[in-house]
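In what follows, a structure is listed as structure tokens, so that the remarks can point back to it.
Naming convention: chains lettered A, B, ... in sequence-line order (proteins, then strands); numbering from 1 in each chain.
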Amino acid sequence: MGRLARRLTGRRGDDFTDETEMTELFELNAEQELAAKYNQGHVLVLAGAGTGKTRTIIARAAYLIRQGVDPNRILLLTFTRRAAREMTERLVKIVGRDRVSLMAGTFHHFCLYTMRRMPGRFGLEKTTVIDRDDQIQLMKLIRAEFRQKGEQFPQASELVRLCSYARNTTQPVPEYLSRYTDYESEMADRICEVAVAFDRRKRKNGYLDYDDILHVFAKRLHEDPSTRDQVRVLYDHVLVDEMQDTNPLQWLILDGLRDPAQLFCVGDDAQSIYAFRGADFRNVHSFTDRIPDAVTLRLEQNYRSTQGILDLSNWLLRESPIGYNKILRAHRRAVSKPRLFNFDSDFDEARWIVDDLIERHETGAPWQDHTIITRTGFGARAVESFMVEKKIPYRFIGGVSLLQAAHVKDLLCLIRASANQHDELAWVRYLTMWPGIGDVTAARLIRTMRNQTHMDDAVNALKEELKGRRGIIKGIYLVQEYWDDPAETIRQAGRFLESLLEKRYTNWKVRKKDLDLLTRLAGRHRSLMAFIETYTLDPISTTESERLEEEDLVTLTTAHSAKGTESTVCYLIRVEPGMYPHIRSLGVQDQEEEERRTLYVAMTRARDELIITRTHRPYGPVQMHYSATGTHSAGETVYFLQTLPEKLIDTDFVDPDSTGFDDYDPITPWRRGGDGISF
DNA sequence: GAAGCGTTATACTAT
DNA sequence: ATAACGCTTC
């Protein structure tokens, strides 16, 4: 293993068995090199956890660039924007900044970016990208129109979920409902009507939700040959990370891009954890069916973890009724058996972890070597509370987004309303902030703007209706005045709304700091709508945004957001019945299996040390589902560590009184960034 | 009829 | 912390 590779990965590289196995050019082993340089058409690389998946993709990009391929003609599709950033940075270190001009981002970013560059072809003038919350808000309006008095009707969030899932699996809603859900045909018909109304309403308001971004792009790509030709000639190589978590809609996009472009897709069926978004891990297996001349290559040597960590991970997969046919072999000599700690409560668990972190830090380990992995954001609240109390610097990836805070939304809705008279949700929110204006009046006011094509006419029409309430319009004019200076607009809008917000929120002083933060973030963007769009597509948590400049942090992350990352020391918390598998998945075998893979992903993040902690209290009202032995009544195991062999792990019980902490002050996820943050 | 206040339930993963 | 809901007030 050469110096370059060591520098690139930050790996210590002190215990590898064979230093000469890596080849000179990209520090790859033979399997990786074969994949990176493959040039005979489309490829699927099946790569187990820690086998150098990311490294191989980067090596391929570097190889192509060195071969003379124009970087602009390489498209790199990743699962998160964070992954795209990290991969781009690593590539820069190999080929130099001036040569890294390739397009790297998520499917959503790529599709939106491309559509924005050819607005005429996709009809996207003046559209606003909306997040899950806005989808649900809009659906509530539609649901209210369809639901009869006192009638049982699915919640708005459920309706959104149904529409979203159908779209991501490229099924018409009626077909999806009849095949995969239990709704009576009468109810199914009405849900279909709701779905149609939902789409119509989105179009009317100029909204694009996450699913529309992919759908509109894929549809045009397949239905309009001239658009397809125009897009398809842009790239020679499409590199796809985390292929196992792409859904049928994303496959349509890849299918539309290929030929002459070559696909290079990397994935691991055992790490597929996004079925709820329409992904199906079996899809990686059908790759060669869909593209008959494609080949499948494999990476099997694990460079990340110790054998002890892999033994436990391998055991977990072997216990599955599904044959994953996968055994990870460690390349490293170190063994380091995982450790399991049992606690009475999540308080005890949290303070032990925080205590352990402090001890490690005092003996020289940087904070950044440590990652705490949680199944749910809620499940991490005790840990987060103690980290705040003990002033441990941390970021929570997958935590509550800054843009979801009510006061931030208030401000952004003023911005959105100022840009688009048809942005119904933004207008409702802005107008109802004012005393005397509720839902009904807001809806009436919005109706007066409905037929106006131009923003100025719309505002004038509104002005007529609002005689004597000039303040409301003043906010709109203020935003429009500073429009070209995003940071200044946010600052001015914040100042303008202050008197309203002060009355509405009891802890305004703390919330006000978030608006300062928002102003700083906006300063990094050229336009306001681009700023909002960026953070809608790439939700940034409050802890992340507060700590943009800091490097040495403990990472707290959900297992889902941990995918694709690694850490020297990993704490897996609340690994108890009800959490793995999560209570909501019980009884549905596919979902329980996905939970197994989620735990597998979490375990295989660890390089040197894997510390598993749990409490004796099952999570949630899980007791009802379990007998004393942790099984369903039918007898199958519903807690993954129930049959854990002793030899795979060192087990400890920690006495609750062994550490000296103050009383527990539970922090709820939504209080984050409230009165709790104090470093 | 609409606004606004107080009470209550809420709890999985995410582009 | 927030939203939904029911109830009171204008």
With a non-hydrogen cut-off below 4.0 angstrom, is [X] in contact with a base, only sugar-phosphate, or nothing?
{"X": "A:F79", "value": "sugar-phosphate"}
{"X": "A:L214", "value": "nothing"}
{"X": "A:S561", "value": "sugar-phosphate"}
{"X": "A:D538", "value": "nothing"}

Give the nucleotide from the list [options] with an atom nearest to the side chain of [X].
{"X": "A:T80", "options": "B:dT15, B:dC12, B:dA14", "result": "B:dT15"}
{"X": "A:P539", "options": "B:dT15, B:dT13, C:dA1", "result": "B:dT15"}
{"X": "A:A406", "options": "B:dC12, C:dT2, B:dT15", "result": "C:dT2"}
{"X": "A:T558", "options": "B:dT15, B:dG4, B:dT13", "result": "B:dT13"}
{"X": "A:V440", "options": "B:dT15, B:dA11, B:dA3", "result": "B:dA3"}
{"X": "A:H108", "options": "B:dT15, C:dA1, B:dA2", "result": "B:dT15"}
{"X": "A:R132", "options": "B:dA11, B:dC12, B:dA14", "result": "B:dA14"}

Examine [X] relative to [Y] and say whether NZ or CZ is less than 6.0 Å from the centre of the six-membered ring and inside a 45° cone about the ring axis.
{"X": "A:R596", "Y": "A:Y580", "result": "no"}
{"X": "A:R147", "Y": "A:F153", "result": "no"}
{"X": "A:R201", "Y": "A:F198", "result": "no"}
{"X": "A:R203", "Y": "A:Y207", "result": "no"}

How do A:H582 and A:D439 order along DNA chain B: which one's closest nucleotide is nearer the 5' end?
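Here A:D439 is the residue nearer the 5' end.
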Between A:T441 and A:E595, which residue's closest nucleotide on DNA chain B lies nearer the 5′ terminus?
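It is A:T441 whose nearest nucleotide is closer to the 5' end.
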Taking [atom1] from [X] and [atom2] from [N], how many angstroms apart are they, rounded to a whole number?
{"X": "A:Y580", "N": "B:dT13", "atom1": "OH", "atom2": "P", "result": "11 Å"}
{"X": "A:D131", "N": "B:dT15", "atom1": "CG", "atom2": "C1'", "result": "11 Å"}
{"X": "A:Q155", "N": "B:dT10", "atom1": "CD", "atom2": "P", "result": "11 Å"}
{"X": "A:I136", "N": "B:dA14", "atom1": "CD1", "atom2": "P", "result": "14 Å"}
{"X": "A:N168", "N": "B:dT13", "atom1": "CG", "atom2": "C1'", "result": "15 Å"}

Just to confirm, is there a sub-4.0 Å distance from OP1 or OP2 of B:dC12 to any side-chain nitrogen or oxygen of A:R584?
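So the side-chain polar atoms of A:R584 do come within 4.0 Å of the phosphate oxygens OP1 or OP2 of B:dC12, strictly under.
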Between A:D131 (side chain only) and A:D134 (backbone N and O only), is there a donor and an acceptor less than 3.5 Å apart?
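It does hold such a pair.
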